[in-house]
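Protein chains get the first letters and strands the later ones, always in sequence-line order, with residue 1 at the start of each. Keep in mind it's a predicted model, so treat the numbers as computed, not measured.
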Number of protein chains: 2
Amino acid sequence: MRGSCLSNSDFSGTYSILPDLPAVGGNEGVAQVLEVGSRVTSLKTGDWVIPRDTGLGTWRTEAVLAEDDVISLPNDIPLLSAATLGVNPCTAFRMLSDFEHLKPGDTVIQNAANSGVGQAVIQIAAARGVNTINVIRDRSEFTQLSDRLKAIGATHVIKEEALRRPEMKELFKTCPKPKLALNGVGGKSATELLRHLQIGGSMVTYGGMAKQPVTVPVSALIFKDVKVRGFWVTQWKRDHSNDERAFRAMLDELCSLIQQGKLTAPACSEVGLKDYNKALEVAMTPFTSAKQVLIM
Amino acid sequence: MRGSCLSNSDFSGTYSILPDLPAVGGNEGVAQVLEVGSRVTSLKTGDWVIPRDTGLGTWRTEAVLAEDDVISLPNDIPLLSAATLGVNPCTAFRMLSDFEHLKPGDTVIQNAANSGVGQAVIQIAAARGVNTINVIRDRSEFTQLSDRLKAIGATHVIKEEALRRPEMKELFKTCPKPKLALNGVGGKSATELLRHLQIGGSMVTYGGMAKQPVTVPVSALIFKDVKVRGFWVTQWKRDHSNDERAFRAMLDELCSLIQQGKLTAPACSEVGLKDYNKALEVAMTPFTSAKQVLIM
């Protein structure tokens, strides 16, 4: 491995795929191929590769793997972008592609806009000319964070409270109502996103940070025809494991955005493998602001 | 008009299309064509017709209407079937057709199974070889009602409490888990239906009798990939107003089921027009068991 992430999905009990203990840890990371077997055709020495599925075990320096366990990336992208590509940007890409047909000028609204997924959503949407309304919780450094998200392409950044205020009408003079809402929080926050959707729009839930269910008014379903869906990138990868083209096409497009400087890695802390204890501690702290990446 | 319904959608404040007062009442009913204009091609004297859209004003003996305001039915079906065809059976038909691909042997679960929509669901599903699990609230005449629903084709009839009990496991030895859940209630009842859906199944909400929102666990959306949708037959008719074929095909299929004795009208009380006051009073009583139909 070259760089391996300590990710939410490695620890979070709200995710259903925690392996039984004792277990091999690590779902995300980038490795370099040191040697290939005589029957391997899709990879060569020096290639960068990422896991095809969750649970590969990326917290290690070396591994002997089957050709199908990995998929290659161009090796001229930043190491941190490669190490963090397989989960959050893929989640953002699929949610922006598979639920509503978004054209330039359309709008997406999302909560948890500062998350890894949220930042990828902002950048991929911006590259496609799609407006984003980005909802974050109020905090002391709100202005700084808002500026940072705008610098990577956010159209609007608002506090959660604003969703319930009449000012939203002003905002919708500058962009159409969203066709798509992306929900990483649940609870009230999700209901508030729903309220602003266009008739016939979709809300896609990929996380439940608030540990509360998604509550949908009956009238929104019947009279506004909103569609309430979920997305789990691990399942998507499994559903497409026999058809490499879809995964390949997604990675090609994401890597092209990275090469053009339009998609950057989320804030990361690079940590030497010997300091894994420290990295684990930080990674398990709630609301940690930087992704811990073990560099090998 | 020959027969005109006093329907929930005429009174219920939870439905968003109540017209401003003073208003012409009556959304449902069957009329007979007495005379046609010289440029009318799709209708002839003697035809039975029903409204194409909500709000036609069916509480009257006679009307002069545009050709496009109505759609014809065969006039050899029972009057009460014709008078009650346009809303509940159409809602049931579309929900069974447009959200999941149901094959013979598949299962649908529904609450409010004794409602007009519920009874149509049972019969249309039975005609297609699709199992139904029908949830009703406990009541003194539970056994009678259960027997009646089974007589029209219900596979299983259960009380709402049973949804939370381990007996459900036994039930699922006799039929597969449902691909589709139909929700006319909302609140806890909807959440309980969701819990029994197959992975990737859909819940469609068409009513909210409990006046509570639909609450969806985040894990059901992300890891079970359930799809939460709504359906409103008025909107469907409007969306298809420029393409008669879909409406025609649905009515043909429903009338064919009626002619074969596979789809019966819900319990109705026939009331003379002069007794409209009495009929209105009964129709506005909550949980009234028979649909009031004005006979003209």
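- Distance check: A:Phe231 CZ to B:Asp225 CG gives 9.5 Å after rounding to the nearest 0.5 Å.
- Looking at A:Val226, only its backbone comes within 4.5 Å of chain B, counting heavy atoms on both sides.
- Note on B:Pro213, B:Gly186, B:Ala220: by heavy-atom pairs under 4.5 Å with chain A, the leading option is B:Pro213.
- Heavy-atom distances place both the backbone and the side chain of B:Val214 under 4.5 Å from chain A.
- With values rounded to the nearest 0.5 angstrom, A:Thr234 atom OG1 is found 8.0 Å from B:Phe223 atom CZ.
- The shortest heavy-atom contact between A:Trp232 and B:Ile222 is CB-O, 3.4 Å.
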